[in-house]
Amino acid sequence: MSNVRAPVLVIHGRSDRFVPVGYAEAALAAYPSWRGRLLARVGHVPQMEATSRWITEVADWYGSVTR
């Protein structure tokens with residue numbers, strides 16, 4: 001991941017039963033320039049489980065990195 005030079009947005013559900021939220025937390029701690037959103041009461045597929053919140057987060061992030 002250290003070779004990634006593009007802006008990064010990590011969106012992870014806190015209730016993900018397949019990939020523990022600790023992985024997202026560790027990645028965000030290791031790469032402080034990355035933006036992260038850990039969504040409460042959301043599981044493995046945030047784009048389907050919390051669609052409007054996911055779209056809002058992506059749109060806000062995209063707007064901030066394309067200015």
Side-chain angles (χ1 to χ4, degrees):
M1 293 189 299
S2 62
N3 291 328
V4 174
R5 300 289 178 243
V8 174
L9 171 63
V10 175
I11 298 178
H12 197 100
R14 287 194 175 275
S15 299
D16 191 330
R17 295 181 309 165
F18 298 105
V19 180
V21 71
Y23 286 103
E25 292 169 331
L28 293 169
Y31 301 96
S33 65
W34 292 8
R35 182 168 166 184
R37 297 295 181 260
L38 305 176
L39 306 181
R41 296 177 305 281
V42 175
H44 188 67
V45 190
Q47 64 272 31
M48 293 176 69
E49 296 175 44
T51 305
S52 46
R53 181 151 182 217
W54 185 86
I55 289 171
T56 299
E57 294 293 349
V58 171
D60 290 348
W61 170 81
Y62 185 76
S64 73
V65 298
T66 58
R67 289 184 187 148

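Computed from a predicted model, the values in this text were never measured in an experiment.
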Give every residue pair that meets the side-chain hydrogen bond (donor to acceptor under 3.5 Å, both in side chains) criterion with at least one member in residues 30-51, sequence neighbours excluded. D16-H44, R37-E57
Considering all heavy atoms, the nearest [X]-[Y] contact:
X	Y	result
M1	A27	CE-CB, 4.2 Å
P46	G13	CG-N, 4.5 Å
P7	V65	CB-CG1, 3.6 Å

H12 (side chain) donor-acceptor with V19 (main chain) under 3.5 angstrom: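 Yes.
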Decide whether L9 and V4 are clustered together by the hydrophobic rule: side chain heavy atoms of Ile, Leu, Val, Met, Phe, Trp, Tyr closer than 4.5 Å, transitively.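 Cluster IDs for L9 and V4 differ.
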Do L39 and V58 share a hydrophobic cluster (ILVMFWY, side-chain heavy atoms under 4.5 Å, transitive)? yes
Show me the pairs that pass salt bridge (charged side-chain N to carboxylate O under 4.0 Å, His left out) and involve residues 58-67, at least two apart or across chains. none
Considering residues at least two apart in sequence or located in another chain, which fulfil the side chain to side chain contact (heavy atoms under 4.5 Å, CB included) criterion with P20? Y23
Measuring from atom OH of Y62 to atom CD1 of I55, what distance do you get when rounded to the nearest 0.5 angstrom? 15.0 Å
